[in-house]
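As structure tokens, the structure follows; a few thoughts come after it.
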2 protein chains.
Amino acid sequence: MKQTKRITISDIARLAGVSKSTASLVLNGRSKEFRVSDDTRDRVLALAQQQRYQPSIHARSLRSRRSNTLGLVVPEMTNYGFAVISRELECLCREAGIQLLIACTDENASQEMMAVNSLIQRQVDGLIVASSMLSDAEYQKINQQLPVVQFDRVIGDSDLPLVITESVESTATLVERIARRHSDEFYFIGGQARISPTRDRLAGFQLGLERAGVECRTEWVIHGSYHPSAGYEMFAQLCAQLGRPPKALFTAACGLLEGVLRYLNQHDLLNSNLHLCSFDDHYLFDCLPLKIDTIAQDCETLARNSFDMITALVDERPLPDSRIYVPTRIHWRHPDSLA
Amino acid sequence: MKQTKRITISDIARLAGVSKSTASLVLNGRSKEFRVSDDTRDRVLALAQQQRYQPSIHARSLRSRRSNTLGLVVPEMTNYGFAVISRELECLCREAGIQLLIACTDENASQEMMAVNSLIQRQVDGLIVASSMLSDAEYQKINQQLPVVQFDRVIGDSDLPLVITESVESTATLVERIARRHSDEFYFIGGQARISPTRDRLAGFQLGLERAGVECRTEWVIHGSYHPSAGYEMFAQLCAQLGRPPKALFTAACGLLEGVLRYLNQHDLLNSNLHLCSFDDHYLFDCLPLKIDTIAQDCETLARNSFDMITALVDERPLPDSRIYVPTRIHWRHPDSLA
DNA sequence: ATGAAAGCGCTAACAC
DNA sequence: GTGTTAGCGCTTTCAT
């Protein structure tokens, strides 16, 4: 490392001919409060600017036991939804003088543990987590030391505060309309059965069928993981089994849909009359020959709410609501749905 | 903030009945080197584990003047390429015990300056930057204090080390083949004319035309920004002017292509016989009725190389090569191109 | 083989 | 109004 001597508060103090504490007061904008003379204040401020003084975050954090840092734990940053969330949060944080530390877990519990530990070691003031864990025990323990907010998913029936997308009703609404035309065959392809988005979206699927007066056959529900390759595999197997693509299909997330589309494309089925619908939206869906009905999440609102919630907790302000469900928007594209 | 007393090295030392220095040696795995007795070592280690001792990063950074932290500056995290880069870098960093700090600039020079300053204030050991600046003056100054690596784009003709995608040759190859069939009309839609990806891709475009024996008319080259809305606008205006879509078009990045596709979709032109080609790839392009020829960047390699380069610089190891150009892959999709 | 002490840069009581 | 001092948690000479 190149060694250029850092300008410290002592340097500024010495140059200004005052003590460190006076300089500190001025530089933290508390000169009025402590009745520092305008003259001294201006001198210190001028020097600081001129010398491009940058306070050391580490010294400050060490002293104040606050790092002005938040941790964000996501399964996968290349997932567009999480990318948007990260960007929004990063922006909110920067405006608030906070640094966001982002960690990816690759949907893997042990990697998640390591990532979280390294964040804690860095003394984040709070944690925003889309967890891949099956139990919230670890986070309960952590929550005794620093606030934790769940977003995008709940671990089990954890009582930790949360901000998630409302899924059950919107999926039910989507599915109901389609089920009326496809009462004989309507498949569900989902990710890990235990995590909450899968559970909620399945619950919504079943509720939608019920509302359409359709009985959900057990073989209609297929689980795997959220990886595109899993979507591809599940769909390939289904097609093999049926000897053709299904008549109607709901995929529980964009990754799964990606797998399904890859398969359809490879097998020249993009013009088949499969009625496809999915959670998560993408602008290119408007351009596909296959008209997919989708449920779009409101990532900006998810980010905003998560941020407000975690900062309130960090500052020990009361929480108006510790469980927030963010509404979605349905994009109807299929001609049958629009009819 | 909840106040749970932190376990410090002093606590461990006291409990083990040794001094802080001994504990420190042991905990840093330097007990052999300093001939600490096996007995003391085991005692300290056991205690640390049992008490879940976590060294304070801030105290350590304050002391060592090293933060074990790298800064990544990207224009826009929702751009898939940058998302992949971020994920890869984050992963490489975590494996190396480094924390990656990501900052988004929204393609905006003043926001970039603020973001960089806040990273420096946090004492990052090095900076990996996809800059939106027009001059590298600031970074040259910064580079005197800590290493800076440019990636994805060069600022002007900056001599700072860099890792970028090879663009000129690949664009030329792509364009040449298409220009042979469209010598009468082949448009270029690019982002800000001054930044290097635009320059290089335009150079490649012109080189491709030249190789195909086609003269580049000045009205073929259109510049704007990389935002999808800019792509939409430029394309809309072009169509208005021609009274129809152009016969052949190259878009310089995925954001611009997004804008063009939105327009085509809205105006029911996805089945027109426009020959579209672009820098940047997306899996959904395989599924579109419009067959787009694209150049795919190798984000993993970009990330890997940037990481290797910055860590070498931080550790003051010699750099085998301070200018790396990562090769691309062309995806031919249009029937004419495949013929 | 281990301990004492200094100091990284900063803030906040408490003096004066 | 301003300075002195102590200490946040850690590492590293230098003594013993």
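Chain A is the first sequence line, chain B the second, and so forth, proteins listed ahead of strands; every chain is numbered from 1. Note: hydrogens, waters and symmetry copies are ignored here, and every other heavy atom, side chains too, is used.
Atom-to-atom, CZ of B/R6 to P of D/dG9 comes out at 7 Å; the value is rounded to the nearest Å. Taking atom CG on B/N28 and atom P on D/dC10, their separation rounds to 10 Å, with Å as the unit. Remark: C1' of C/dA1 and CG of B/D39 are 12 Å apart, rounded to the nearest angstrom. Across the protein-nucleic acid pair, A/R66 atom CZ and C/dC10 atom P stand 19 Å apart, rounded to whole Å. Remark: P of D/dT13 and CD of B/E33 are 11 Å apart, rounded to the nearest angstrom. Rounding to whole angstrom units, CZ of residue B/R14 and C1' of D/dC10 are separated by 16 Å. If you take CD of A/Q123 and C1' of D/dC10, they are 12 Å apart, rounded to a whole angstrom. Rounded to whole Å, the distance from CG on B/L25 to C1' on D/dA15 is 15 Å.
Among the atoms of the strands shown, base atoms are found under 4.0 Å from some heavy atom of A/S21. Using a 4.0 Å heavy-atom distance criterion, B/R30 is classed as a sugar-phosphate-only contact. When heavy atoms are screened at a 4.0 angstrom cut-off, B/S56 is found touching the sugar-phosphate backbone but no base atom.
For A/S19, whose side chain is taken as the heavy atoms from C-beta onward, the closest listed nucleotide among C/dG3, D/dT4, C/dC8 is D/dT4. Nearest to the side-chain atoms of B/T8 among the listed nucleotides D/dG1, D/dG9, C/dC10 stands D/dG9.
Listed pair B/S37 / C/dT2 meets the phosphate criterion, a side-chain N or O lying under 4.0 Å from OP1 or OP2. In terms of phosphate contacts, B/T22 brings no side-chain nitrogen or oxygen within less than 4.0 Å of OP1 or OP2 of C/dT2. One finds a side-chain N or O of B/R65 lying less than 4.0 angstrom from the OP1 or OP2 phosphate oxygen of C/dG9.
Shortest non-hydrogen contact noted between B/F151 and B/I164 is C-CG2, 4.2 Å.
Mapped onto DNA chain D by nearest heavy atom, A/T40 and A/K20 fall at different nucleotides, with A/T40 at the one closer to the 5' end.
At most 12 non-hydrogen atoms from other residues, nucleotides or ligands lie less than 6.0 angstrom from CE of B/M114.
Applying side-chain contact (heavy atoms from CB on, under 4.5 Å) to B/H58 and the options A/R122, A/R60, A/H58 leaves one that passes, A/H58.
Counting only heavy atoms from C-beta outward, the side chains of B/I9 and B/L27 approach each other to under 4.5 Å.
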side-chain contact (heavy atoms from CB on, under 4.5 Å) between B/S37 and B/T40, worked out: CA-CA 6 Å; B/S37 76; B/T40 6; 2.3 Å; yes
